[in-house]
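Any value given below was found using the heavy atoms of this structure, including those in side chains, with hydrogens, waters and symmetry copies removed.
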Amino acid sequence: MKDVARLAGVSTSTVSHVINKDRFVSEAIIEKVDAAIKTLNYAPSALARSLKLKQTRTIGMLITASSNPFYSELVRGVERSCFERGYSLVLCNTEGDEQRMNRNLEMLMQKRVDGLLLLCTETHQPSVEIIRRYPSIPTVMMDWSPFEGDSDLIQDNSLLGGDMATQYLIDKGHTRIACITGPLDKTPARLRLEGYREAMSRSGLTVPADYEVIADFEFGGGFDAMQKLLAHATPPDAVFIGNDAMAVGAYQALYQAGLHIPQDMAIVGYDDIELARYMTPPLTTIHQPKDELGELAIDVLINRMAEPELAQQRLQLTPELMVRGSV
């Protein structure tokens, strides 16, 4: 910047004002500074700026990504919200590995991101010790709850969503309703299963043995789980499936068995991924507001940066039933 100022015949502060557009500078001076910048091939240093301002305008995100489109759609919403608010997003995939998660966590903290978003598997929680070493960096947990600390928390109401999905099947006259659930070490999977059980119990419907099948929230898990249900002595006539990725796999299992949706089997999914409306038939599902989840997470994080002494926030988004053709 000093070189640019010397060549343009102005002060370094004037160069700074031209670059940052934070004060009026005459057109003639702007042209001189721009010409010097071009001649010297100068680019401002974001690192130097962050050291001076003590903020990087960067948000870190730790996520256990998978083939499930839910994650990519959620990240898209988070990134868009960051961009609209003038922040950059640094994304790290933990791949379900605790050591990798904590190494990525340490790296993000050392780079002094302004805030941190966590969306990881509950079986491998981030190191509390690492987070405590950087008390000035606020953290927001997305979509899962057990954690020792004061982080803000944003969740989908999975209990209500599971109840809504099952009750819709009951209201449509189905009585032999099964549930394909995700891993029960994850709070959303447990709550969605609990919502299914509550709706069945409230309606006086029994759940036969083996009508609850635990899968993995992935395409293949839904395929295998539906094959187990089809092999049951009395197969169900409807299934609530704990996420849309498993519903895609279940569709394929029914297709291979020569069965039709919804004539032979009614299906309700969960998440409302973009693919859901383009399936054959389009999937009835519980809409999880991914864009709102991402936007809210960023806003809560920015608010926490501005007011670090605020009380811990626990926010819950309300799911919505999307009625399509699979019931």
Of all residues at least two apart in sequence or in a different chain, which pass the salt bridge (charged side-chain N to carboxylate O under 4.0 Å, His left out) check with Asp34?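 Result, salt bridge (charged side-chain N to carboxylate O under 4.0 Å, His left out) vs Asp34: none returned.
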
Quick check: closest heavy atoms across [X] and [Y], and the distance to 0.1 Å?
X	Y	answer
Gly294	Leu74	N-CD1, 4.2 Å
Ile130	Glu106	CG1-OE1, 3.8 Å
Ile214	Gly182	CG2-O, 3.8 Å
Ala215	Gly221	CB-O, 3.7 Å

Scan the side chains in residues 244-273 for donor-acceptor partners under 3.5 Å anywhere in the protein, sequence neighbours excluded, and list what turns up.
from   : atom 1 : to     : atom 2 : distance (Å)
Asp244 : OD1    : Tyr270 : N      : 2.8
Asp244 : OD1    : Thr285 : OG1    : 2.7
Asp244 : OD2    : Asp272 : N      : 2.7
Asp244 : OD2    : Ile273 : N      : 2.9
Asp244 : OD2    : Thr285 : OG1    : 3.4
Tyr251 : OH     : Pro281 : O      : 2.8
Asp264 : OD2    : His260 : N      : 2.7
Tyr270 : OH     : Asp156 : OD2    : 2.7
Asp271 : OD1    : Gln288 : NE2    : 2.7
Asp272 : OD1    : Arg324 : NH1    : 3.1
Asp272 : OD1    : Arg324 : NH2    : 3.0
Asp272 : OD2    : His287 : ND1    : 2.9

Side chain to side chain, [X] and [Y], heavy atoms closer than 4.5 Å:
X	Y	answer
Ile59	Met305	yes
Met322	Ile286	no
Leu105	Leu116	yes
Tyr211	Arg176	yes
Ile177	Val239	no
Met141	Thr139	yes
Arg23	Thr14	no
Tyr168	Thr284	yes

For atom [atom1] of [X], decide whether the heavy atoms of other residues, nucleotides or ligands shown that lie under 6.0 angstrom number more than 12.
X	atom1	answer
Gln99	CD	no
Asp291	CG	yes
Arg103	CZ	no

[X] side-chain N/O to [Y] backbone N/O, donor-acceptor pair under 3.5 Å:
X	Y	result
Tyr196	Gly242	no
Arg57	Asp114	no
Ser72	Pro69	yes
Thr39	Ala35	yes
Arg85	Ser81	yes
Glu73	Glu274	yes
Ser203	Ala199	yes

Can you get from [X] to [Y] by hopping between Ile, Leu, Val, Met, Phe, Trp and Tyr side chains that sit under 4.5 Å apart?
X	Y	value
Val327	Met200	yes
Leu317	Met164	no
Phe83	Val78	no
Val15	Leu40	yes
Leu321	Leu283	no

Looking at [atom1] of [X] and [atom2] of [Y], how far apart are the two atoms once the value is rounded to the nearest 0.5 Å?
X	Y	atom1	atom2	value
Thr94	Leu119	OG1	CG	9.0 Å
Met142	Leu315	CE	CG	11.5 Å
Thr318	Glu292	OG1	CD	10.5 Å
Lys186	Leu191	NZ	CG	14.0 Å
Thr234	Asp210	OG1	CG	11.0 Å
Glu218	Asp224	CD	CG	12.0 Å

Hey, are [X] and [Y] close enough for a salt bridge, meaning a charged N less than 4.0 Å from a carboxylate O?
X	Y	value
Glu194	Arg190	no
Asp163	Arg192	no
Glu295	Lys290	no
Arg304	Asp152	yes

For Asp237, give me all partners under side-chain hydrogen bond (donor to acceptor under 3.5 Å, both in side chains), at least two apart in sequence or on another chain.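 Once residues adjacent in sequence are excluded, the partners of Asp237 under the side-chain hydrogen bond (donor to acceptor under 3.5 Å, both in side chains) criterion are His174.
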
